[in-house]
Amino acid sequence: MANFELSEQEILRREALEELRRMGINPYPAERFDVNANTAQIHNEYSAEKNNFQEVSLAGRLMSKRIMGSASFAELQDEKGRIQLYFKRDDFTVGEDTSRYNIIFKKLLDIGDFIGVKGFVFITQMGETSIHVKDFVLLGKSVKPLPIVKEKDGTVYDAVTDAEFRYRQRYVDLTVNPGAKDIFIKRTKMINSMRELFNSKGYLEVETPILQPIPGGAAARPFITHHNTLDINLYLRIANELYLKRLLVGGFEGVYEFAKDFRNEGMDRTHNPEFTVMEIYIAYKDYLWMMDFTEEMIEKVVLDLHGKTSVQFSEKVIDFKRPFKRMTMLGAIKEFTGIDISEMDEQQLREVCKKLTIETDETMGKGKLIDAIFGDKCEPHLVQPTFIMDYPVEMSPLCKKHRHNPLLTERFELIVNGKELCNAYTELNDPIDQLERFQEQLRLSEKGDDEAMFIDYDFVRALEYGMPPASGMGIGIDRLAMLMTNQQSIQDVLFFPQMKPEKKETADPKEKYTEAGISEEWIEILQKMGYTTLRKIKSVEKHGKLHQDLCGYNKKNKLGLNNPSVDDVKKWIE
RNA sequence: GAUCCAGUAGCUCAGUAGGUAGAGCACAUCCCUUUUAAGGAUGGGGUCCUGGGUUCGAAUCCCAGCUGGAUCACCA
């Protein structure tokens, strides 16, 4: 047993586990446990007059235990909440045998254990709706103590606040922190709300490849993986746009997908390497129609979640009431910088950037320069939902040229709180134009732009067969979830955000120590001193110091062992 | 990638011009017939993130590193 690395409480729980087994109780039974109520139902629907819930059966985690002699109170937590349990010794006494209460309940059940209880609902003298437990069964033993978080009148005490703890061990966060589940429940409601709208219009939810031979549909660095049988590299998708448009070619007139995308880029408060995007493509529509539809969708989501159009985000209130403000990109730049860039070439744009102290580099083409100006000088000011329309053609290789101005595209983004939330086009369906745009991307790529798009010849071939005119829109689900749940960090709306791997050092088994000539009695001591692996011992530079430390430990803890000789210790290290 | 902040008991956190490491909850033992973030008493529990350095002495000061957070940069 590697007990030296377990805490006292963990050891005690393992002992309780063994004791239960000795008493013939399986701490991990296989049989189902039927439930006929949950905590929320009881709190909402029980009344003493009705005398309902007199034969309830429910299950959950034991979250507190207060023992008062022959009676005890405890709390049971299920998915919906918590309820107080009342246990009385006499209810569990058979003849003279009080062990069910005194041993099993009082000593061997711990906070965190899953139990099932049967009994009747009543209200205590203190006015607390409770279950008088007549029967209980252990459903799953917990051998690792949960942090104790308490709550009184909405004030939470000792919540687990350490971000690393919460993200790495989300299961603990969800278990102990009140309200931790709410964010994720809202996230799912939000997705359901969107899905409802799309389905009500007859659009088809589809699935397209995540492993793609050519990562298309966006400008981003992909993750690369390898398929052994085909012996080719594949990319994790950065977008699903090109596949959904292929489906329009194939005759579907409205398709959408909630898609996990992957981008091999930096991580911060608003970026996780994998994230969720909803993309939708509707035939015979244009971006003006899509703007209205986007408004409808977002307003519906906000209403479904909050019952009103405005939401609190940090210290701001954001109102999603239709219609949203609309500006063209060049108009926005003119408004926020006073500069009209509509007629400018690359060189002039570079000078504007210089004047506005915006960093540029040689690889940036016209599109990226304009985007830099917009991102730096306009985006941060756009807190309330604002559509930015008509992007320069250079930065939108999959988007149809503007019906009145060939230098622009029929594209809009929805900016909320200074961040892009949606991106939509009147889709480019001219195969000749599309190929030229891809070739322009190739030139950018050769110039050093590592995010320029690859040429997808199959996609061009699909367009050659003919694609109906269409409009498409993508929306960042994580960012929308952040807005809808008032979270400042993407990690708080993802169950399991990406983290650096946890370094887990496992101790070497005793045999490895004995093989190195270390005598039994010193192994545990070495491990307690932190030398949990042989490699650590071998890496000691001064064997004399280790020898002294060992002797010191022996003396300090009054172990009375015969100290090893300096030479012995030297041999361990060699 | 840069800068700043943090890392002390299972959890939340104190702490000291460098001199034996603290509280609450949790845990253990005992007492207690219904308590309400918690009934009472007693007690156990710590490589003070890691490794170096300064020092008679480092959890505390210095340097380096690890992990996390924040800000910025990068980023449709």
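Below, read A as the first sequence line, B as the second, and so on, with proteins coming before strands; counting in each chain starts at 1. Predicted model, so just to flag it, every value in this text is computed and none were measured.
- Salt bridge status for R443(A) with E440(A): present, with a side-chain N to carboxylate O gap under 4.0 Å.
- Between A28(B) and C49(B), the two P atoms lie 28 Å apart (nearest whole Å).
- Among the protein residues, Y425(A) comes within range of the nucleic acid bases, having at least one heavy atom under 4.0 Å from a base atom.
- Across the strands present, A21(B) finds no partner; the criterion is a Watson-Crick or G-U wobble pair with both atom distances under 3.5 angstrom.
- Remark: R89(A) is not positioned above the aromatic ring of F105(A), lacking an NZ or CZ atom under 6.0 angstrom from the ring centre and at most 45 degrees off the axis.
- Taking atom NZ on K65(A) and atom C1' on C27(B), their separation rounds to 11 Å, with Å as the unit.
- Heavy atoms only, all atoms of each residue included: D390(A) and E410(A) are closest at OD1-CA, 4.5 Å.
- To the nearest 0.5 Å, the span separating CD1 on I475(A) from CD on E420(A) amounts to 10.0 Å.
- At the heavy-atom level, K144(A) lies nowhere under 4.0 Å from the strands shown.
- Nucleic acid contact for R168(A): sugar-phosphate only, since backbone atoms but no base atoms lie under 4.0 Å from a heavy atom of the residue.
- Atom P of nucleotide U29(B) and atom CG of N102(A) are separated by 12 Å, given to the nearest angstrom.
- The interatomic distance linking L109(A) (CG) with A28(B) (C1') rounds to 17 Å, in whole Å.
- Pair assignment for G68(B): C5(B), on the basis of Watson-Crick or G-U wobble contacts that are both within less than 3.5 Å.
- Across all strands shown, U54(B) has no partner, as no Watson-Crick or G-U wobble contact with both distances under 3.5 Å is found.
- For L442(A), the side-chain contact (heavy atoms from CB on, under 4.5 Å) partners at least two apart in sequence or on another chain are E446(A), I455(A).
- Distance K106(A) NZ to G39(B) P: 15 Å, rounded to the nearest Å.
- Checking E427(A) against S471(A) by side-chain atom types alone, no donor-acceptor pair falls below 3.5 Å.
- Salt bridge status for D110(A) with R61(A): absent, with no side-chain N to carboxylate O gap under 4.0 Å.
- Taking atom C1' on both A38(B) and C32(B), the two are 15 Å apart, rounded to the nearest angstrom.
- Here U36(B) presents its C1' atom at 9 Å from CD of E75(A), a figure rounded to the nearest Å.
- Judged purely by distance below 3.5 Å, without hydrogens or angles, the side chains of R82(A) and Q77(A) pair a donor atom with an acceptor atom.
- With a cut-off of 3.5 Å on both pairing distances, U16(B) has no Watson-Crick or G-U wobble partner at all.
- Both tests hold for R411(A) against Y391(A): distance to the six-membered ring centre under 6.0 Å, angle to the ring axis within 45°.
- For Y86(A) and F122(A), the gap between ring centers is short of 6.0 Å.
- Comparing A58(B) with U16(B), their C1' atoms are spaced 12 Å from each other, to the whole Å.
- Not counting sequence neighbours, Y281(A) has no partner by the ring pair (Phe, Tyr, Trp, His ring centres under 6.0 Å) test.
- The C1' atoms of A26(B) and C11(B) are separated by 8 Å, rounded to the nearest whole Å.
- Annotation: G19(B) and A23(B) have their C1' atoms spaced 22 Å apart (nearest Å).
- At whole-Å resolution of the value, CD1 in I490(A) and P in G69(B) are 13 Å apart.
- Following rounding to the nearest Å, Y157(A) (OH) and C13(B) (P) show an atom-to-atom distance of 15 Å.
- Taking the P atoms as reference points, C56(B) lies 48 Å from A73(B), given to the whole Å.
- With rounding to whole Å, E10(A) atom CD is found 17 Å from G45(B) atom P.
- Ring geometry, Y287(A) versus H402(A): the interplanar angle exceeds 60°, so the pair is classed perpendicular (tilted spans 30 to 60°).
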Could you pull out the protein-nucleic contacts involving nucleotides 9-12 of chain B (nitrogen or oxygen on both sides, under 3.5 Å)?
none

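- Using cut-offs of 30° and 60° for the angle between ring planes, the Y235(A) and F454(A) rings count as tilted.
- Within the 4.0 angstrom heavy-atom criterion, no nucleotide atom of any strand lies near P178(A).
- The shortest distance between the side-chain N/O atoms of K150(A) and the OP1/OP2 oxygens of C25(B) is not below 4.0 Å.
- The gap from the P atom of C5(B) to that of U12(B) amounts to 22 Å, rounded to the nearest Å.
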Fill in the blank from the handout: With B for base contact, S for sugar-phosphate-only contact and - for none (protein heavy atoms under 4.0 Å), nucleotides 70-75 of chain B reads -S-BBB
Close N/O contacts between protein and nucleotides 33-35 of chain B (under 3.5 Å):
| residue | atom | partner | partner atom | Å |
| --- | --- | --- | --- | --- |
| U34(B) | OP1 | M68(A) | O | 3.4 |
| U34(B) | O4 | Y86(A) | OH | 3.2 |
| U35(B) | O2 | R66(A) | NE | 2.6 |
| U35(B) | O2 | R66(A) | NH2 | 2.8 |
| U35(B) | N3 | Q84(A) | OE1 | 3.2 |
| U35(B) | O4 | Q84(A) | NE2 | 2.5 |

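- Atom name P, nucleotides A59(B) and U50(B): the rounded distance is 9 Å, in whole Å.
- Not counting sequence neighbours, the partners of K106(A) by the side-chain contact (heavy atoms from CB on, under 4.5 Å) test are I67(A), Y101(A), N102(A).
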